[in-house]
Protein chains: 2
Amino acid sequence: MMISTRGRYALRVMIDLAQHTESGYIPMKEVALRQEISLKYLERILPILVKNGLVEGVQGKGGGYRLVRSPKEYTAGEILRLTEGDLAPVSCLSKCAEPCPRSAYCATLPMWSGFFDMTNKYFDGITIEDLSKPRE
Amino acid sequence: MMISTRGRYALRVMIDLAQHTESGYIPMKEVALRQEISLKYLERILPILVKNGLVEGVQGKGGGYRLVRSPKEYTAGEILRLTEGDLAPVSCLSKCAEPCPRSAYCATLPMWSGFFDMTNKYFDGITIEDLSKPRE
DNA sequence: TCAATACCTACCATGTCAATAGGTATTTTG
DNA sequence: CAAAATACCTATTGACATGGTAGGTATTGA
């Protein structure tokens with residue numbers, strides 16, 4: 001299990017916002033209802049997206065959230081890396097890991113690195129616009 | 001983080017056994033020393049490999065473990081799926097998950113499925129023989 | 001003034017991970 | 001036969017992450 005609900009919910013919120021861009025600011029209450037996700041939990045995820053400049057939040061009546069860029073300018077990779085920390089398949093490749101003394105001769109490290117690269121490329125090749133379209 | 005130490009250690013044990021096939025049965029004590037892994041922890045991982053027929057274990061003095069196939073006939077994918085359960089990136093794709101009621105219209109499911117397939121193909125394309133060779 | 005909203009912090013229950021502890025069963029060897 | 005070496009088994013533990021919930025405060029529009 002690599003992607004937790006935090007990253008998955010963040011993606012679904014972004015998709016939901018993309019599907020309602022013309023409606024101005026969207027309250028999370030609506031998104032929570034549509035997506036069947038606890039509002040309280042979403043309220044803990046959204047600040048990550050706000051602080052990193054992916055969405056804009058406006059308080060008060062009539063407030064809510066909206067995307068600050070066009071949906072095609074967000075990649076799934078960007079959103080997942082923010083909410084999940086990173087997409088490293090093993091701890092030694094995580095950005096916050098201390099350097100492994102075995103790395104110079106580790107037989108499996110190239111395999112993990114290759115997978116890591118592939119993972120980032122895969123998710124960076126998918127935009128919120130792609131995900132917002134109805135499925136064929 | 002997708003792959004835990006269990007899967008990583010299992011791979012390293014298999015590689016170590018592959019690098020010492022000519023020596024008959026290899027005691028885990030030796031592998032633990034070479035790989036700098038706790039013997040007690042390895043002893044909890046090996047039964048998984050034995051029960052699934054990947055390695056053979058012989059008790060008693062002079063005993064140990066050995067591969068039952070040629071190193072090129074094991075894939076990293078096979079070993080990881082055994083020790084990690086499966087390689088599903090999200091819970092809804094895990095084999096032991098109850099069916100998700102949103103699957104028919106979930107906007108992100110195809111992305112996760114595509115990644116799941118890619119993951120399995122990547123690790124199924126790497127054999128223990130590949131990993132046993134010295135790095136270039 | 002009130003309602004609706006974002007935003008904030010603390011808390012909690014559950015499960016997994018990574019390992020340790022302390023054995024038993026089996027086999028070879030002296 | 002005794003001892004050593006090995007696989008094999010089960011219970012326990014501490015740390016941590018996950019997936020929330022609870023209970024607020026701050027801000028804004030009507």
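- The interatomic distance linking B/E56 (CD) with D/dC8 (P) rounds to 10 Å, in whole Å.
- As judged by a 4.0 angstrom heavy-atom cut-off over every strand, B/I45 is placed among residues making no nucleic acid contact.
- Contact between the side-chain N/O atoms of B/Y9 and the OP1/OP2 oxygens of C/dA19 is found at a separation under 4.0 Å.
- OP1 or OP2 of C/dA18 has at least one side-chain nitrogen or oxygen of B/S4 nearer than 4.0 Å.
- Relative to the axis of its first five pairs, the axis of the last five pairs of the helix from C/dT1-D/dA30 to C/dG30-D/dC1 sits at 0°, rounded to 10 degrees.
- Taking the side chain as every heavy atom from C-beta outward, B/R12 and B/I37 approach each other to under 4.5 Å.
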task: Evaluate salt bridge (Lys or Arg N to Asp or Glu O under 4.0 Å) for A/R69 paired with A/E78, printing each intermediate quantity in order.
output: CA-CA 13 Å; A/R69 311 177 210 153; A/E78 174 184 19; 2.9 Å; yes
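- Note: CE (B/M2) to C1' (C/dC17) measures 17 Å, nearest angstrom.
- Computed from coordinates, the A/E30 CD to C/dA6 C1' distance equals 14 Å when rounded to whole Å.
- For A/P47, the listed nucleotide lying nearest its side chain is C/dC8; candidates were C/dC8, C/dT5, D/dT18.
- You'll find the side chain of A/P89 stays beyond 4.5 Å of the side chain of A/T119, heavy atoms only.
- A residue-by-residue look at B/V50 and A/R8 shows that B/V50 has its nearest nucleotide of DNA chain D further toward the 5' end.
- Here the side chains of B/L80 and B/R8 are not in contact, with every heavy-atom distance at 4.5 Å or above.
- B/T83 contributes atom OG1, which lies 11.5 Å from atom CG of B/L46 (distance to the nearest 0.5 angstrom).
- Between the NZ atom of A/K29 and the P atom of C/dA6 there is a distance of 10 Å, rounded to whole Å.
- A straight line from CG of B/L42 to C1' of D/dA7 spans 13 Å, rounded to a whole angstrom.
- Counting non-hydrogen atoms under 4.0 angstrom, A/Y65 reaches the backbone sugars and phosphates but no base.
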- line: Whether each nucleotide of nucleotides 20-30 of chain C has a protein heavy atom under 4.0 Å at its base (B), only at its sugar-phosphate (S) or at neither (-) is summarised, 5' to 3', as B-BB-BBBB--
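- Ring-plane geometry between A/Y122 and B/F115 is classed as tilted, the angle between the planes lying from 30 to 60 degrees on a 0 to 90 degree scale.
- Atom CG in A/L49 sits about 14 Å away from atom C1' in C/dC7, given to the nearest Å.
- Ring centroids of B/Y25 and B/Y65 are separated by 6.0 Å or more, keeping the two rings apart.
- Between B/E36 and A/R102 there is a side-chain heavy-atom pair separated by less than 4.5 Å.
- Per the geometry, CD1 belonging to B/I48 stands 14 Å off P belonging to D/dT10, to the nearest Å.
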